[in-house]
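All values derive from a computational prediction rather than experimental measurement. Just so you know, these numbers use all the heavy atoms, side chains as well, and skip hydrogens, waters and symmetry mates.
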Amino acid sequence: MSDIVQSRIGAGRLWLIDLYRQVYWDMVQFFRYRLIVVSTMLTSVSMVLAFGFGTSHVPAMGQGGASYFAFVLPGIVGVGIMFSCTYTIGYAFIVDHNRRAMEDIVLSPLSYGGFLLGRLIGMILKCSLQFVAVLVLAAWMFGVQVGLPGRLLLGFASACVFFAGFGIVVSCFTNEVSFASVVNLVLIPLTYICGVFFPLENFGTGRTLIAWLPLSAQVDVLRSAISGQATTSFAYSLALSLGYALIMMGVALYVFKNRVTRR
C-alpha cells in the first residue's frame, strides 16, 4: 500500500514539475519579444486614454459610475480580456500544432488537462499585465477606483477562462491564416452589442437575449465590481459567467484531446 502511495506522490511531483516548466518557458518566450508584450496592452491602454480624456466629464448613462468613462471602463476591461485571451492562447496552440509539440504530450507525464492548465496559467499571467495597467491608468489619471476587488477578480478569472476555451476550440479547426477571420466574426459583434458602450436597456426588446451573451454577463460583473454598486443582476450575471467558463473549458478539453489523438 505504501508503495502505491509513494508512486502516486512521485507521479504527482513529476506532473507539477512539468506544469511549472511549461508555464516558465511560456513566460520566458513571451518576455523575450518585447514587441509582443507591448502589443498585448496597446488596445486596452489606448482605449482607456482616449475615452478617459474624451469622456471623463461626460455624464454617465445607466448604472456604472459618475461619468461616461466610469461606465465604459468595465467594458474596455472586458473587451481587452476577450481579445487578449482569445488571440494569445489561440495562436499559441496553432504554433504548437505546426511544431508538432502536441505529440510530446503523449510521452509526457502531463495529461491533456494538465497541458491546458499550463497554457491557461501562462495566458492569465500575460493577460493580467494589461488588466493591471488599465486599472492603474484609470485610477491614476482619471480617478476611477475599484469598489469591490473580490468581484473584479471573479469577473477577470471567469472571462479569461471562457475566452481561452473559445480560442482553443477555434485554433483546433483553423490555421494561422484563417484563425483571425473566424475569431473576428464572433468577437467584433460582441464588442458593440454587449453593453460595453451603451446600457443594455437601450436595445429595447432585444436586451433579454443580449443579456444572455457571455460578454454581456462578464461586463455586468466587472461594472458592478468597479462601480461598487450592488446591482440586482450581479448574482445572475456571475452565475452565467462562471457557467459559460466551465462549459467552454470542458468543450475545449474535449476538442483538444480528440485533435491530438487523431494526429
Side-chain angles (χ1 to χ4, degrees), residues 35-36 38-52 54-55 61-62 64 68-69 71-95 123-124 126-127 129-131 133-134 138 155-223 226 237 240-241 244-245 247-249 251-252 255:
L35 185 60
I36 296 178
V38 173
S39 64
T40 57
M41 297 189 291
L42 185 60
T43 300
S44 296
V45 169
S46 60
M47 287 179 72
V48 166
L49 293 175
F51 277 92
T55 66
M61 57 172 63
Y68 179 68
F69 175 68
F71 171 84
V72 82
L73 176 63
I76 294 174
V77 173
V79 168
I81 293 171
M82 178 175 70
F83 277 95
S84 179
C85 290
T86 303
Y87 275 94
T88 299
I89 204 165
Y91 275 119
F93 271 77
I94 289 173
V95 170
M123 183 221 51
I124 290 176
K126 297 170 190 175
C127 189
L129 295 176
Q130 69 153 354
F131 180 69
V134 165
F156 172 72
S158 61
C160 283
V161 172
F162 175 81
F163 286 109
F166 173 69
I168 292 168
V169 171
V170 175
S171 72
C172 288
F173 298 101
T174 56
N175 54 38
E176 62 272 14
V177 177
S178 59
F179 176 80
S181 299
V182 175
V183 163
N184 285 339
L185 285 174
V186 178
L187 300 193
I188 290 179
L190 290 180
T191 300
Y192 293 104
I193 66 172
C194 287
V196 173
F197 303 109
F198 319 103
L200 292 184
E201 290 80 3
N202 292 7
F203 290 93
T205 56
R207 60 169 293 191
T208 303
L209 178 61
I210 294 173
W212 278 85
L213 296 175
L215 184 62
S216 296
Q218 291 152 5
V219 168
D220 191 52
V221 173
L222 295 171
R223 184 163 288 135
I226 293 176
S237 297
L240 268 183
S241 186
Y244 281 138
I247 291 171
M248 183 57 75
M249 191 49 64
V251 172
V255 171

To the nearest 0.5 Å, tell me how far Ser178 OG sits from Ile94 CD1. 7.0 Å

Test side chain to side chain contact (heavy atoms under 4.5 Å, CB included) on Cys160 and Phe156 and set out the steps. CA-CA 6 Å; Cys160 283; Phe156 172 72; 3.5 Å; yes

Check whether Ser216 reaches the backbone of Ile210 with its side chain - one donor and one acceptor, N or O, closer than 3.5 Å. yes

Could you give the distance from CD1 (Ile81) to OG1 (Thr86), rounded to the nearest 0.5 Å? 10.5 Å

Beyond-backbone contact of Phe83 with Ser44, side-chain heavy atoms, under 4.5 angstrom: no

Side chain to side chain, Val48 and Phe69, heavy atoms closer than 4.5 Å: yes

I want to check something: taking the side chain as every heavy atom from C-beta on, are Phe163 and Thr88 in contact at a cut-off of under 4.5 Å? no

Side-chain donor/acceptor of Ser46 to backbone N/O of Thr43, under 3.5 Å: yes

From Leu222 atom CG to Ile76 atom CD1, the distance as rounded to the nearest 0.5 Å: 12.0 Å

Flag, side chain of Arg223 to backbone of Phe71, donor-acceptor distance under 3.5 Å: yes

So Leu215 and Leu187, do their side chains get closer than 4.5 Å, heavy atoms only? no

For Ala133 and Val45, work out which heavy atoms get closest and say how close. CB-CG2, 4.3 Å

Is there a side-chain contact between Val255 and Ile168 in this structure, where contact means two heavy atoms from C-beta onward sitting under 4.5 Å apart? no

Aromatic ring centroids of Phe197 and Phe51 under 6.0 Å? yes

Full working for side chain to side chain contact (heavy atoms under 4.5 Å, CB included) between Phe173 and Val182: CA-CA 10 Å; Phe173 298 101; Val182 175; over 6 Å; no

Under a 3.5 Å distance rule, please check whether Thr174 uses its side chain to pair with a backbone N or O of Val170 as donor and acceptor. yes

If I compare all heavy atoms of Ala138 with all of Leu73, which pair ends up nearest, and what's the gap? CB-CD2, 3.6 Å

Hey, does Met248 have a side-chain heavy atom less than 4.5 Å from the side chain of Val169? yes

Euclidean distance, Arg207 CZ relative to Asn202 CG, rounded to 0.5 Å: 9.5 Å

Applying side chain to side chain contact (heavy atoms under 4.5 Å, CB included) to Ser241 and Phe162, what does each step give before you reach the verdict? CA-CA 8 Å; Ser241 186; Phe162 175 81; over 6 Å; no

Evaluate the side-chain proximity of Leu213 to Ile193: yes if any heavy-atom separation is below 4.5 Å, no if none is. yes

From Asp220 CG over to Leu240 CG, what is the distance, rounded to the nearest 0.5 angstrom? 9.5 Å

Restricting to non-hydrogen atoms, name the atom on Met123 and the atom on Cys85 that form the minimum distance, rounded to 0.1 Å. SD-CB, 3.5 Å

Report yes if some heavy atom in the side chain of Lys126 is under 4.5 Å from a heavy atom in the side chain of Ser84; otherwise report no. no

Between atom SG of Cys194 and atom CH2 of Trp212, what is the distance when rounded to the nearest 0.5 Å? 14.5 Å

Minimal heavy-atom distance between Gly80 and Gln130, with the atoms involved, is O-NE2, 2.7 Å

